[in-house]
Amino acid sequence: MEKAGVYIEHARDLEVYKRAYAVSLGVHRATLAFPKMEQYALADQLRRSSKAICANFAEGFAKQTHSKPEFARFISMAIGSYSEVATWISYAFDLEYITQAQRDHWLQSYARIYGVLVNLREKLR
């Protein structure tokens, strides 16, 4: 991806990736404190979906040199993972595993990431 004469070689160098990665680390750490019965259920789903946002973005970014539509497809998958993680966050809150402040922080962070991903996908079309 090029911008103003600068070539960005890795997805991890982009702000949207850095934000998504940071939030997913917070999600991962917080879910380690979920009840044992949730470690292979809700906690696992939260960890997987939060990490999938970064993973899909990074995979699509790496393929963009060969196919812009393929990059857009992976961004769409990252957007789908955003919807999934938002659902699991709601479950975690409703089951009282996270505080309202934690829920609000995560949902606001992911909403900003979602907006960037949607805008980027539109630019690729």
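Computation of the quantities below employed the complete heavy-atom set of this structure, encompassing side-chain atoms and omitting hydrogens, waters and symmetry-equivalent molecules.
Side chains of Phe61 and Ile75 form no contact here, defined as non-hydrogen atoms less than 4.5 Å apart. Taking the side chain as every heavy atom from C-beta outward, Lys63 and Phe71 never approach each other to under 4.5 Å.
Under the side chain to side chain donor-acceptor pair (under 3.5 Å) criterion, Asp44 pairs with Arg48, not counting sequence neighbours. Taking Gln102 as the reference, nothing meets the side chain to side chain donor-acceptor pair (under 3.5 Å) condition, with sequence neighbours excluded.
In this structure, CD1 in Ile98 is found 9.0 Å from CG in Asp104, a value given to the nearest 0.5 Å. We find the OH-OG distance between Tyr82 and Ser109 to be 11.0 Å, quoted to the nearest 0.5 Å.
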Could you tabulate the donor-acceptor pairs under 3.5 Å formed by side-chain atoms of residues 84-95, not counting sequence neighbours?
unit_1	atom_1	unit_2	atom_2	d
Glu84	OE2	Trp88	NE1	3.0
Thr87	OG1	Ser83	O	3.0
Ser90	OG	Ala86	O	3.2

Expected list for residues 18-35: side-chain donor-acceptor pairs under 3.5 angstrom, two or more places apart:
unit_1	atom_1	unit_2	atom_2	d
Ser24	OG	Ala20	O	3.4
Ser24	OG	Tyr21	O	2.8
His28	ND1	Lys51	NZ	2.9
Thr31	OG1	Val27	O	3.2
Thr31	OG1	His28	O	2.9
Thr31	OG1	Arg47	NH1	2.9

Show me the donor-acceptor pairs, under 3.5 Å and distance only, between side chains in residues 116-125 and residues at least two apart or in other chains.
unit_1	atom_1	unit_2	atom_2	d
Asn119	ND2	Gly115	O	3.3
Arg121	NH1	Ser76	OG	3.1

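Cluster partners of Met77, using a side-chain heavy-atom cutoff of under 4.5 Å among ILVMFWY residues and allowing indirect links, are Phe74.
The backbone N or O of Leu42 sits less than 3.5 Å from a side-chain atom of Glu38, completing a donor-acceptor pair.
The two atoms that bring Ser49 and Ser81 nearest to each other are O-CB, 3.7 Å, heavy atoms only.
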